[in-house]
Protein chains: 2
Amino acid sequence: MKLDDAAARLEALGNPTRLKIYRTLVRAGQEGLPVGRLQVKLDAAASTLSHHIKTLVIVGLVTQTRDGTTLVCRANYGLMRELLDYMVEECCADSEGSCAPVAVPRVA
Amino acid sequence: MKLDDAAARLEALGNPTRLKIYRTLVRAGQEGLPVGRLQVKLDAAASTLSHHIKTLVIVGLVTQTRDGTTLVCRANYGLMRELLDYMVEECCADSEGSCAPVAVPRVA
DNA sequence: ACAGTATTTCTATATTTCTGGAAATATAGT
DNA sequence: ACTATATTTCCAGAAATATAGAAATACTGT
């Protein structure tokens with residue numbers, strides 16, 4: 001992952017509303033959630049929510065598929081994993097001492 | 001970790017210059033790096049760099065200790081770990097299906 | 001074609017962020 | 001006290017972001 005892409009993704013997650021959206025989608029799992037359900041859950045203006053979701057989609061952390069009139073949003077788990085890896089990549093590479101600082105969580 | 005704190009930390013990392021600072025410190029390991037060395041490595045104006053480092057310190061991702069006239073900066077590995085965990089916390093908790101989406105990397 | 005629901009785009013405003021020069025502060029050595 | 005080095009704070013302008021109302025678009029069913 002390139003630094004600028006990683007920064008853009010972290011910035012996208014670095015807003016309380018967007019982080020809430022993202023985490024809600026992470027909880028929702030593979031089946032995802034329609035925009036409308038997110039709006040009810042988060043109680044935000046539709047246009048505001050739409051902008052935030054778009055931001056997440058642009059950086060790739062969220063994907064969308066249309067199902068009739070509703071747009072279903074899903075967390076992109078693979079990309080999240082790449083982002084987590086990037087953050088601790090080459091940990092202590094420039095250090096003389098031993099490396100034991102970070103551990104990134106595992107799931108399944 | 002509270003959502004607002006996590007968002008603030010992600011926002012701090014979500015700027016190319018700050019992400020570069022942070023990653024340089026992650027590579028540097030436990031001994032850390034003085035501000036001055038960061039300035040040379042990243043080739044940024046001192047005041048600009050100082051602002052960015054301050055942002056990282058405020059959210060807790062970087063710590064500083066003074067050694068004479070130089071300020072040594074270090075990545076806070078423990079907090080990074082907490083942040084990574086937070087991002088995938090309760091993954092699929094609201095889902096019927098099985099959960100296998102994300103895995104957070106391990107180190108040592 | 002029309003009506004209805006879902007969602008986005010347009011537009012505007014208030015606020016925040018990024019950047020860096022200049023000046024100030026901190027520490028150490030003489 | 002004076003000088004030198006390291007770093008921060010002050011200041012300001014330009015650019016980007018967050019928010020949301022209103023209008024537009026997309027799809028479905030009749």
Side-chain angles (χ1 to χ4, degrees), chain A residues 3-25 28 31-76, chain B residues 3-25 28 31-76:
Chain A
L3 185 128
D4 283 350
D5 291 335
R9 282 159 190 156
L10 290 166
E11 183 182 35
L13 293 173
N15 169 278
T17 302
R18 283 195 298 266
L19 184 55
K20 206 173 293 181
I21 292 169
Y22 181 77
R23 275 171 57 84
T24 303
L25 292 177
E31 61 253 54
L33 275 181
V35 174
R37 303 246 2 217
L38 279 171
Q39 204 205 324
V40 173
K41 283 208 178 205
L42 308 191
D43 189 34
S47 62
T48 302
L49 199 70
S50 181
H51 280 304
H52 284 311
I53 293 174
K54 188 179 178 184
T55 301
L56 290 166
V57 169
I58 286 174
V59 300
L61 286 168
V62 167
T63 60
Q64 290 181 313
T65 53
R66 186 170 278 284
D67 178 21
T69 63
T70 74
L71 259 186
V72 177
C73 305
R74 289 181 186 81
N76 181 346
Chain B
L3 185 128
D4 283 349
D5 291 334
R9 284 160 188 155
L10 290 166
E11 184 182 34
L13 292 173
N15 169 279
T17 302
R18 283 195 299 268
L19 185 54
K20 206 173 293 180
I21 292 169
Y22 181 78
R23 274 171 58 84
T24 303
L25 292 177
E31 61 252 54
L33 275 182
V35 174
R37 302 243 5 213
L38 280 170
Q39 203 205 323
V40 173
K41 282 207 177 207
L42 308 191
D43 188 35
S47 63
T48 303
L49 199 69
S50 182
H51 282 305
H52 284 312
I53 293 175
K54 189 179 178 184
T55 300
L56 290 167
V57 169
I58 286 175
V59 301
L61 286 168
V62 167
T63 60
Q64 291 180 314
T65 53
R66 184 170 279 281
D67 178 19
T69 62
T70 74
L71 259 185
V72 177
C73 305
R74 289 183 187 80
N76 182 344

Visitor: Looking at residues 46-59 of chain B, who's got a heavy atom less than 4.0 Å off DNA chain D?
Guide: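 DNA chain D contact set from residues 46-59 of chain B: B:Ala46, B:Ser47, B:Ser50, B:His51, B:Lys54.
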Visitor: I want to verify a distance call: between C:dT8, D:dT28, D:dT7, whose nearest atom is closest to the B:Leu71 side chain?
Guide: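 Among C:dT8, D:dT28, D:dT7, the one nearest the side chain of B:Leu71 is D:dT7.
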Visitor: Atom CG of A:Leu38 to atom P of C:dT7: distance rounded to whole Å?
Guide: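 Taking atom P of C:dT7 as the reference, CG of A:Leu38 is at 9 Å.
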Visitor: Calculate the interatomic distance between B:Gln39 atom CD and C:dT19 atom P; express it in whole Å.
Guide: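 So the two atoms are 14 Å apart, to the nearest Å.
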Visitor: Does A:Ala44 offer a backbone N or O that forms a donor-acceptor pair with the side chain of A:Gln39 under 3.5 Å?
Guide: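 The answer is yes, because a donor-acceptor pair under 3.5 Å joins these two groups.
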Visitor: Name the residue from B:Thr24, B:Leu19, B:Leu25 that meets the side-chain contact (heavy atoms from CB on, under 4.5 Å) definition with B:Ile21.
Guide: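 Single pass found, and it is B:Leu25.
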Visitor: Output the rounded distance in Å from CG (A:Leu42) to P (D:dA18).
Guide: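 Checked: the CG to P distance equals 15 Å.
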Visitor: Using whole Å, report how far CZ of A:Arg18 lies from C1' of D:dT17.
Guide: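 After rounding, the reported distance stands at 8 Å.
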Visitor: Identify which one of A:Thr48, A:Ile58, A:Leu38 satisfies the side-chain contact (heavy atoms from CB on, under 4.5 Å) criterion when paired with A:Ile53.
Guide: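 Considering A:Thr48, A:Ile58, A:Leu38, a side-chain contact (heavy atoms from CB on, under 4.5 Å) with A:Ile53 is found only for A:Leu38.
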Visitor: Tell me whether A:Arg37 at atom CZ has more than 12 heavy atoms from other residues, nucleotides or ligands lying less than 6.0 Å away.
Guide: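 Incorrect, the count does not exceed 12.
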Visitor: Would you mind telling me which residue lines up with the more 5' stretch of DNA chain C, A:Gln64 or A:Glu11, judged by nearest nucleotide?
Guide: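 The 5'-side residue here is A:Gln64.
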Visitor: How long is the line joining CG of A:Leu13 and P of D:dA18, in whole Å?
Guide: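 Interatomic distance, CG of A:Leu13 to P of D:dA18: 12 Å.
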Visitor: What are the two closest heavy atoms between A:Gln64 and A:Cys73, and how far apart are they?
Guide: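 Smallest interatomic distance, heavy atoms only, reads NE2-SG, 3.5 Å.
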Visitor: For residues A:Glu11 and A:Val59, determine if any side-chain heavy atom of one lies less than 4.5 Å from a side-chain heavy atom of the other.
Guide: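 SC-SC contact between A:Glu11 and A:Val59 ruled out.
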Visitor: Expressed in angstrom and rounded to an integer, what is the separation of A:Asn15 atom CG from D:dA20 atom P?
Guide: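 Going from A:Asn15 (CG) to D:dA20 (P), I get 12 Å.
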Visitor: From the list C:dG20, C:dT8, D:dT8, which nucleotide is the closest neighbour of the side chain of A:Val35?
Guide: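 Side chain of A:Val35 sits closest to C:dT8.
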Visitor: Take the protein atom CZ of A:Arg37 and the nucleotide atom C1' of C:dT7, then report the distance between them rounded to whole Å.
Guide: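 Going from A:Arg37 (CZ) to C:dT7 (C1'), I get 17 Å.
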Visitor: Round to a whole Å and report the spacing from CZ of A:Arg66 to P of D:dA26.
Guide: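 Value for this atom pair: 9 Å.
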Visitor: Go through the steps for B:Leu10 and A:Asn15 under the test side-chain contact (heavy atoms from CB on, under 4.5 Å), then give the verdict.
Guide: CA-CA 8 Å; B:Leu10 290 166; A:Asn15 169 278; over 6 Å; no
